[in-house]
> 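Submitted below is the structure of interest, expressed as structure tokens.
Every value quoted in this text rests on a predicted model; they were computed, and no experiment measured them.
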Amino acid sequence: MAFSDKSFIEVQFPVSKVSKESYKERKANLGQTLTGLGKWWGRKPLILVRSALLGLLLPATDNPKKDMEIFLKILTMDEEGLWLRKNKSIPADEIYKRLSLSERKRYFEETEDGKISYKKGITREEKESLQRLAFSRMTYDEKLAYCVRPEEVENLPPSAWEEINEHLGTNAKSLQELVRELGKKRFGKVPVVGDCFCGGGSVPFEAARMGFDVYASDLNPIAMLLTWAALNILGSSEEEIQSLREFQEKIFKLADEQVTKWGIEHNEKGHRANAYLYCNEAVCPECGFRVPLAPSWIIGKGTKTVAILKENSDKKCFDIEIKSNATKTEMEQAEKMATVKDSSMFCPHCKNTTPIAVLRKDRRREDGTIEYGLRKWEADEFLPRPDDVFQERLYCIRYEDENGNRYYKAPDENDLEREKKVVELLKERFKEWQEKGYIPSSRIEEGYNTSQPIRERGWTYWHQLFNPRQLLIHGLLMELIDKHAKTQKEKVVGLLGVNRCCNWNSKLCIWISDGANEKGSHTFSNQALNTLFNYNTRTILSLSTSWFFNVSVYKLSNKIDLKTTDARISDSIAEFWLTDPPYADAVNYHELSEFFLAWDKKMLLEIFPDWYADSKRALAVKGTGEDFKQSMVEIYKNLAEHMPDSGMQIVMFTHQDVSVWADLALILWAAGLKVTAAWTVATETEASGLKKGNYVKGTVLLVLRKQSSEETAYLDELYPEIEMEVKRQIDSMRELDDKEDPNFSDTDYLLAAYAASLRVLTSYRKIEDIDVNYELSKTRRPGEESPVEKIINEAVKIAYDYLTPKGFDPYFWKMLIPEERFYIKGLDLEKSGIYQLGAYQELAKGFGVREYRDLLASTKANHARLKTAMEFGMRLIGGTDKFSNSLLRNVLAALHQAVKAEDTAAGRNWLRNELPSYWNQRNLIVEILNYIASLEHIENMSHWKEEARYARLLAELVKNDGV
């Protein structure tokens, strides 16, 4: 087998399958391998990391089809691998659906009530054979529903390793052995995988699990704590894990005993609280009533529990009653009686609304900036003062009786006495606990995210994001960890447990009233510090799900180097750098992580004396301006210098903006790196499931090598080269694509155009017309394109011109004007179930079409689509714009005439009379009509059904006209 100098990932990558596997992993939620350790934002799926690293390591041979087979086999994404991963039985009715008529008769019988069952006498072997048969006839997505994740397969069978070894010339019996063998062949040693933005630890953990040596660093100590835990806790022995679980149980038991002794969670019947619901209150400026604030008073849709506000005229306030098994009318009333609507307070007494900003006394200064009016809380405060705008009130408790039955109730006098006791217990300990680092004492530093709690509630210290009950419980856990943890791992496990409790138990935790799941959510339900008007508080009882980690034992590489340091000064050498840098302020990790760092500071330094306990905001890579770009150049120049000439990098990022790509091109160029390939993988989940077709919001894998050219190029020389490279890339992707289960969508082909332009650009040492340093430092006006942006946009146009819709002849495609291509390609999008307005915006940009809104029937988010012939009617014919005079517009008008008259001759006559070039353009007219006719049986395009049928008939009439 002839090996090339290229890696597998530089030639091909199974985008679709890796996307689907990433989606499956994301859908596991807390069942994901690393999420059990704690919260981090934007952790990349482990299967994405594994695929990327394997793609870097595997050589490309002269047999690309076999390369892909072997790649998928190693990752258990081939047919045999999926069968190996199958852990669920396919139900009989699902098997039945996938059998032929004769197969059904042979194995199944149908009862009188229509139920399907196996015939008597069917053997276990036959049932197993049917499982295999049905499984083989499923799509990749359908198979995944019956499979474990690739990472859950311990090893491949010997037969698979025989095939892998034969192709690669190795002698491995496991993935770890394969990594070692291929690494030694290529580098003379086991390769080091480096990640200087290790975040939640996905890259170093997966690299260590695959058998690579590992270097991991991050500027952020919370990121390093999670990475250290991923590599050291998950890499522990079974005995150590068991010991750590016993430690957790011991701490939790001691905390539970103390809380029980205090008597702050049990009522007079001995029932235990498992949720407390609090709301803010504010005085209505119109009538003086104190109004409890909530965007909904529905507590539980399943239990039909509502809070009912009752006016108390004597005290000018509202009493709150809690009612379960409420009537439909009461449920509707609870929703309707929301006291917070559209950022305003609604007073049920006087029926007036007051903007929240007015309540806070915010005011606009002369210079246009806003002065926020709330009082800033002092360092020793953990409760609002009586004269503060927003007060806090306990309005509902969920109790659990001795049989586990749950019920909601409004707090009575005894419950309120227990609330007072919580405050007294905290007051007694507050100063000492802050000094010992058991509860936060640090001030909130203002920033993009961190200013929100300050301006919206006046909270200026981190402990103020927690109420007294939360501070008391978390502080108790910290005290017990400090007293009883003996080993480094016990302290880390304890600290991670408290961090998870803080995430699920702060004043930023929404109460979810969904019928199937009445519970509190976590603080970071999005990547912000959103203040709430009503929130959930957990008890020690309900914190058990957060406190106890759920992890497995993994065999990891023992050559691991971890550092808390700035990526600019990292001095470790790695054969492969795989990084996911913070980009364009997508997530302010440095700010959000301070939520946890405020709790961890003191203990963190005791556990890791050579670390620091600071988020290092000043050094954090952030923004989009000159400083950001300069920081990125310094970092990637440093990584390039700490990589052998044969080494490679992958940069992961999630942007589709051409200007961001242009910046990245300049950054990598200035850092001495060149682009060799790029792939987009869907890594995020959506409520509607795996994104179909449009993976543009996924993760881009940009593959890089060291810049080695000394050549200089001129811009006018580059465009023909870029055109050739774009077409070559698209052709090779089409050649490799799986016809039954396509790996690539249009978005991937367009990304390939981005990558092709970057490949050509970065292959030169210098481009005469572009001063890299000047371009990096220049601040651009809105809409102003850089030279690199122009090049990338040109590459996209080339790709759009080259990407002929399925079913449309490429020869005729070249005859269409851009507006016609936009319309037909838009129909192609709709065929694929893509309705995002952004997709049409990208199309318009790609074809250079400025005016396209009049062609759309809907511009609603996720409902965008083009007008049909009947929706156009006879409007926009012969206007000043290009589309209204186009052949396609006349074809649509002819179709409208045919449908309206219920006679295809009316359509043909329109074309004959209105198109002077009708006889010369008949073949193109027929091609357009045949394409429209192909929409007749597309399930999601029923609005085209009748017109598509007429298009088919009209095409025949035009084709045979004059014959």
> Calculate, to the nearest 0.5 Å, the distance between atoms CG and NE2 belonging to Leu935 and His943 respectively.
8.0 Å

> Below 30° counts as parallel, above 60° as perpendicular, anything between as tilted: where do the rings of Phe13 and Trp679 land?
tilted

> Quick one: does Trp813's side chain have a donor or acceptor within less than 3.5 Å of a partner on Asp801's backbone?
yes

> More than 12 heavy atoms of other residues, nucleotides or ligands under 6.0 Å from NZ of Lys706: yes or no?
yes

> How close do Lys831 and Asn940 get, counting heavy atoms only, and between which atoms?
O-OD1, 4.0 Å

> Glu819 side chain to Val849 main-chain N or O, any donor-acceptor pair under 3.5 Å?
no

> Applying side chain to side chain donor-acceptor pair (under 3.5 Å), run through Tyr835 and Ser858 and close with a yes or a no.
CA-CA 9 Å; Tyr835 297 102; Ser858 169; over 6 Å; no

> How far apart are the closest heavy atoms of Arg922 and Asp961, and which atoms are they?
NH1-O, 2.9 Å

> Look at atom CZ of Arg850 and say whether more than 12 heavy atoms of other residues, nucleotides or ligands are closer to it than 6.0 Å.
no

> Measuring from atom NZ of Lys900 to atom CG of Asp903, what distance do you get when rounded to the nearest 0.5 angstrom?
13.5 Å

> Please evaluate residues Leu701 and Leu48 with respect to the criterion side-chain contact (heavy atoms from CB on, under 4.5 Å), reporting the C-alpha separation (whole Å), side-chain torsions for both, the decisive distance (0.1 Å), and the verdict.
CA-CA 10 Å; Leu701 304 181; Leu48 175 67; 4.0 Å; yes

> Just so I know, are the side chains of Tyr636 and Thr579 near enough to count as touching, which here means a heavy-atom distance under 4.5 Å?
yes

> Verify the neighbour count for atom CG of Asp342: are there more than 12 heavy atoms of other residues, nucleotides or ligands below 6.0 Å?
no

> Ignoring hydrogens and angles, tell me if any N or O in the side chain of Asp580 forms a donor-acceptor pair with the backbone of Phe197 under 3.5 Å.
no

> Got a donor-acceptor contact below 3.5 angstrom from the Ser7 side chain to the Leu56 backbone?
yes

> Rounded to the nearest 0.5 Å, how far does CG of Asp141 lie from OG of Ser16?
7.0 Å

> When the ring planes of Phe847 and Tyr800 are compared, do they come out parallel, tilted or perpendicular, using 30° and 60° as the limits?
tilted

> For the backbone of Asn920 and the side chain of Ser917, can you confirm whether one donor and one acceptor N or O come within less than 3.5 Å of each other?
no

> In the structure I gave you, are the side-chain heavy atoms of Leu761 and Val675 within less than 4.5 Å of one another anywhere?
no

> Treating Glu820 as the side-chain partner and Ser886 as the backbone partner, does any N or O pair qualify as donor plus acceptor under 3.5 Å?
no

> What closest approach, in Å, do Lys882 and Ile817 show between heavy atoms, and which atom pair accounts for it?
O-CD1, 4.0 Å

> Relative to each other, are the rings of Trp944 and Tyr823 parallel, tilted or perpendicular (30° and 60° limits)?
perpendicular

> Is any side-chain heavy atom of Ile667 closer than 4.5 Å to a side-chain heavy atom of Ile635?
no

> Apply side-chain contact (heavy atoms from CB on, under 4.5 Å) to the pair Trp669 and Ile767, showing each step before the final yes or no.
CA-CA 11 Å; Trp669 205 356; Ile767 291 175; 3.2 Å; yes

> Counting only heavy atoms not in Gln841 (residues, nucleotides, ligands), do more than 12 fall under 6.0 Å from its CD?
yes

> Any salt bridge between Arg728 and Glu725, counting N to O under 4.0 Å?
yes

> Can Lys727 and Glu723 be counted as an ion pair, charged N to O under 4.0 angstrom?
yes

> Any chance you could measure Met815, atom CE, to Arg821, atom CZ, to the nearest 0.5 Å?
11.0 Å

> Would you find a donor on one side and an acceptor on the other, under 3.5 Å apart, between the side chain of Gln729 and the backbone of Val726?
no

> Are the side chains of Leu887 and Ile925 in touch, meaning some heavy atoms are under 4.5 Å apart?
yes

> Return the minimal non-hydrogen interatomic distance between Leu929 and Leu954, and the atom names on each side.
CD1-CG, 3.8 Å

> Leu888 and Phe883: side-chain contact (heavy atoms from CB on, under 4.5 Å), yes or no, with the steps?
CA-CA 8 Å; Leu888 172 59; Phe883 185 74; 3.8 Å; yes

> If you compare all heavy atoms of Glu947 against all heavy atoms of Met870, which two are closest, and at what distance to 0.1 Å?
OE1-N, 2.9 Å

> Does Tyr764 reach the side chain of Lys674, with side-chain heavy atoms less than 4.5 Å apart?
no

> With distance as the sole test, does Arg765 use its side chain to make a donor-acceptor pair with the main-chain N or O of Glu711 at under 3.5 Å?
no

> Could you grab the distance from atom CG of Leu911 to atom CZ of Arg908, nearest 0.5 Å is fine?
10.0 Å

> I'd like to check Pro64 versus Gln12 (side-chain heavy atoms, cut-off strictly below 4.5 Å). Are they in contact?
yes

> Determine whether the side chains of Asp881 and Ser884 contain a donor N or O and an acceptor N or O closer than 3.5 Å.
yes

> Side-chain donor-acceptor pair under 3.5 Å between Tyr802 and Asp731, yes or no?
yes

> List the steps and the verdict of side-chain contact (heavy atoms from CB on, under 4.5 Å) for Ile932 and Leu892.
CA-CA 10 Å; Ile932 293 171; Leu892 291 171; 4.1 Å; yes

> Could I get the full list of salt bridge (Lys or Arg N to Asp or Glu O under 4.0 Å) partners for Lys825, not counting sequence neighbours?
Asp746, Asp828

> Say whether Gln897 and Tyr950, considering side chains only, have a donor N or O and an acceptor N or O under 3.5 Å apart.
no

> Minimum heavy-atom separation for Ser763 and Gln707, please, with both atom names.
O-OE1, 3.6 Å

> How are the rings of Phe822 and Tyr852 set to each other: parallel, tilted or perpendicular (split at 30° and 60°)?
tilted

> Measuring from Glu914:CD to Ile877:CD1, what's the distance to the nearest 0.5 Å?
8.0 Å

> Got more than 12 heavy atoms from elsewhere within 6.0 Å of NZ, Lys637?
no

> Taking the side chain as C-beta and beyond, is there a heavy-atom pair between Thr868 and Leu895 under 4.5 Å?
no

> Does either side chain, that of Thr859 or that of Tyr840, offer a donor lying less than 3.5 Å from an acceptor on the other one?
no

> Do Leu953 and Leu957 have side chains that approach each other closer than 4.5 Å (heavy atoms only, starting at C-beta)?
no

